[in-house]
Amino acid sequence: MYILEFRTPEEEKKERVLLAGLNATRRDLGITADDASLDELADLVRTAGGEPLARFIQSREAPDPAFFIGEGKAEELREYVLRLEADLVVFDNELSPVQMKNLESALNCAVMDRTGIILDIFSSRAQSAEGKLQVELAQYKYLLPRLAGQGKNLSRQTASGGRSPIGTRGPGETKLETDRRRIREKMTRLEHELAEIKRNRSVQRSRREKSGIPLVALVGYTNAGKSTLLNALTDAGIHTGNRLFDTLDTTTRRLCFSDGSEALLSDTVGFISKLPTQLVSAFSATLEELKYASLVLHVADMSNPEYQEQLRVTDELARELCEPGTPTVYVFTKCDRAPFRIPSGENRICISSVTGEGLEELVEMIHSRLDCRAIKFETLIPYDRAGALDMLYKNAVVSETEYTEEGIRVSGKADARTYGQLAKLLGKS
């Protein structure tokens with residue numbers, strides 16, 4: 001089935017891209033493409049700097065091992081490439097190295113898949129040294145088995161005005177033309193550098209755990225509004241935009257509650273359907289923080305018609321990355337733009353980061369979820385062990401102190417680790 005779209009003339013020359021996908025009748029979500037997933041692919045192409053011209057969906061029971069959509073359909077697709085003067089064909093499904101090589105030959109045009117487009121966007125968006133390392137490693141893992149079929153992509157020249165064609169950002173032509181041994185050596189070096197980052201994160205995490213400040217992780221589909229919410233709650237000042245994967249680097253800010261207690265609110269990279277395994281693996285140093293979250297805020301854009309599918313995708317990934325049993329609050333954002341309302345409940349709330357609606361209630365909900373995990377205590381600290389009071393002021397919430405003849409009577413709330421330290425200092429089991 002062909003669904004053609006009229007092209008809007010633009011002043012700036014953009015790469016002309018034809019979208020293609022396979023709708024497998026066996027409904028395997030890993031390979032199936034439909035109108036909704038091609039809509040998202042079109043957004044990805046625009047984000048990468050391309051101009052979607054038309055879309056092509058082929059229905060068959062299973063992928064063709066050689067040409068993915070079949071040799072006959074590849075010939076039909078070539079006619080559309082010629083007619084529309086397309087520079088690039090992007091498939092919504094992941095292609096094997098053989099399929100990509102054969103399709104490039106059949107179409108006489110550069111070919112990419114959904115994974116390649118996402119990696120290309122990540123390469124252009126990564127800002128921190130850590131983010132660049134993670135993206136580069138993911139690109140090498142993706143490109144290494146495809147070196148033999150990268151002729152069309154590697155031969156494309158930089159466009160006028162210095163713009164890099166889609167798929168040529170990142171490691172670069174000269175690096176990819178080196179032998180596999182050198183590329184593997186490069187990957188090993190990147191893995192060592194990321195392992196060092198993991199160790200540094202572990203040290204930072206130990207310090208945070210000693211401070212007793214709980215971590216609240218924001219997760220959600222890309223462009224769901226996580227960064228905007230973080231700005232609204234903490235004045236983080238993160239740049240936000242209506243673009244896919246606008247935020248790649250993790251940002252953590254303090255969230256202060258009315259009783260003087262605090263939590264760390266951490267933004268994470270957005271998820272997307274068919275998220276490349278290379279990215280999940282390469283970003284393990286960043287995503288590992290989700291395992292240590294005391295609470296997860298699952299942010300969903302309720303103004304998006306596909307929000308239920310996005311919820312499903314994010315839930316699946318969060319189950320893989322978070323510790324089992326981690327409490328979750330579903331935060332439905334952009335309620336000011338949604339055509340309907342989802343009733344707020346025990347573990348869900350509707351908010352607008354722009355108008356401020358529901359933000360105070362969300363902060364109270366976060367505080368109550370974290371507070372219920374705290375242990376209330378009231379104890380007498382002998383004067384010869386007054387150092388325990390100093391530890392409590394640093395690591396717990398002290399609500400009342402009273403100096404008596406017997407010692408210092410103190411009450412408050414603490415996490416399990418701090419409460420255990422207090423019992424040890426006071427010689428209690």
Side-chain angles (χ1 to χ4, degrees), residues 36 39-40 43-44 47 121 125 215-257 263-273 275 287 289-290 293-319 321-322 326-370:
D39 285 341
E40 186 172 81
D43 287 337
L44 288 168
T47 301
I121 294 170
R125 294 285 170 79
L215 176 67
V216 179
L218 291 168
V219 302
Y221 213 77
T222 179
N223 205 31
K226 298 184 297 300
S227 297
T228 304
L229 177 58
L230 184 63
N231 284 341
L233 293 178
T234 67
D235 295 323
I238 305 172
H239 173 268
T240 59
N242 187 24
R243 305 184 303 176
L244 302 182
F245 299 115
D246 199 54
T247 301
L248 289 187
D249 299 310
T250 300
T251 302
T252 303
R253 296 289 186 271
R254 288 179 181 266
L255 177 63
C256 300
F257 302 109
L264 293 178
L265 199 57
S266 184
D267 194 7
T268 61
V269 62
F271 297 150
I272 197 169
S273 62
L275 186 68
L287 295 174
E289 289 295 294
L290 292 176
S294 301
L295 176 68
V296 172
L297 298 185
H298 182 161
V299 182
D301 176 7
M302 62 185 298
S303 69
N304 191 309
E306 300 295 326
Y307 83 95
Q308 289 184 320
E309 173 63 14
Q310 294 179 357
L311 277 171
R312 184 194 66 79
V313 170
T314 305
D315 271 336
E316 284 186 0
L317 289 167
R319 278 196 295 269
L321 298 168
C322 298
T326 304
T328 300
V329 172
Y330 290 88
V331 183
F332 295 94
T333 63
K334 308 180 187 180
C335 67
D336 54 313
R337 293 163 46 184
F340 61 93
R341 288 297 180 98
I342 297 174
S344 295
E346 182 180 357
N347 292 312
R348 65 177 184 267
I349 185 171
C350 295
I351 63 103
S352 170
S353 300
V354 175
T355 67
E357 180 180 348
L359 291 182
E360 290 187 8
E361 292 85 347
L362 175 59
V363 172
E364 292 175 3
M365 185 177 287
I366 295 171
H367 185 253
S368 65
R369 296 302 183 279
L370 296 175

*Could you tell me the separation between the NZ atom of Lys226 and the CG atom of Asn231, rounded to the nearest 0.5 Å?*
12.5 Å
*Between Glu309 and Tyr221, do the side chains contain an N or O donor and an N or O acceptor separated by less than 3.5 Å?*
no
*What's the spacing between Met302 CE and Asp336 CG if we round to 0.5 Å?*
10.0 Å
*asked:* Distance alone, cut at 3.5 Å: any donor-acceptor contact between the side chains of Ser227 and Asp267?
replied: yes
*Any chance you could measure Tyr307, atom OH, to Thr314, atom OG1, to the nearest 0.5 Å?*
13.5 Å
_With rounding to the nearest 0.5 angstrom, report the CG to OG1 distance, Leu297 to Thr328._
8.5 Å
*Which of these, Thr326, Ile366, Leu265, sits in a side chain to side chain contact (heavy atoms under 4.5 Å, CB included) with Leu295?*
Ile366
*Heavy-atom side-chain proximity of Val329 to Met365 below 4.5 angstrom*: yes
_Taking Thr333's backbone N and O only, do any of them form a donor-acceptor pair with Ser353's side chain (distance below 3.5 Å, no angle check)?_
no
*Between Thr234 and Leu230, is there a donor-acceptor pair closer than 3.5 Å when you use the side chain of the first and the backbone of the second?*
yes
*Under the salt bridge (Lys or Arg N to Asp or Glu O under 4.0 Å) test, residues paired with Arg254 that sit two or more places apart*: Glu262
*Measure across Ala300 and Leu311 and return the closest heavy-atom pair with its distance rounded to 0.1 Å.*
CB-CD2, 3.7 Å
_Non-hydrogen atoms of Asp301 and Lys334 that approach each other most closely_ = OD1-CD, 3.1 Å
*Could I get the full list of side-chain contact (heavy atoms from CB on, under 4.5 Å) partners for Ser266, not counting sequence neighbours?*
Leu215, Thr250, Thr252
_Is the shortest side-chain heavy-atom distance between Phe332 and Ile351 below 4.5 Å?_
no
_Interatomic distance, Thr47 atom OG1 to Glu40 atom CD [nearest 0.5 angstrom]_ = 10.0 Å
_Rounded at 0.5 Å granularity, tell me how far CG in Leu255 sits from NE2 in His367._
9.5 Å
*Minimum heavy-atom distance between Ala263 and Val216, given as atom pair plus value*: CB-CG2, 4.2 Å
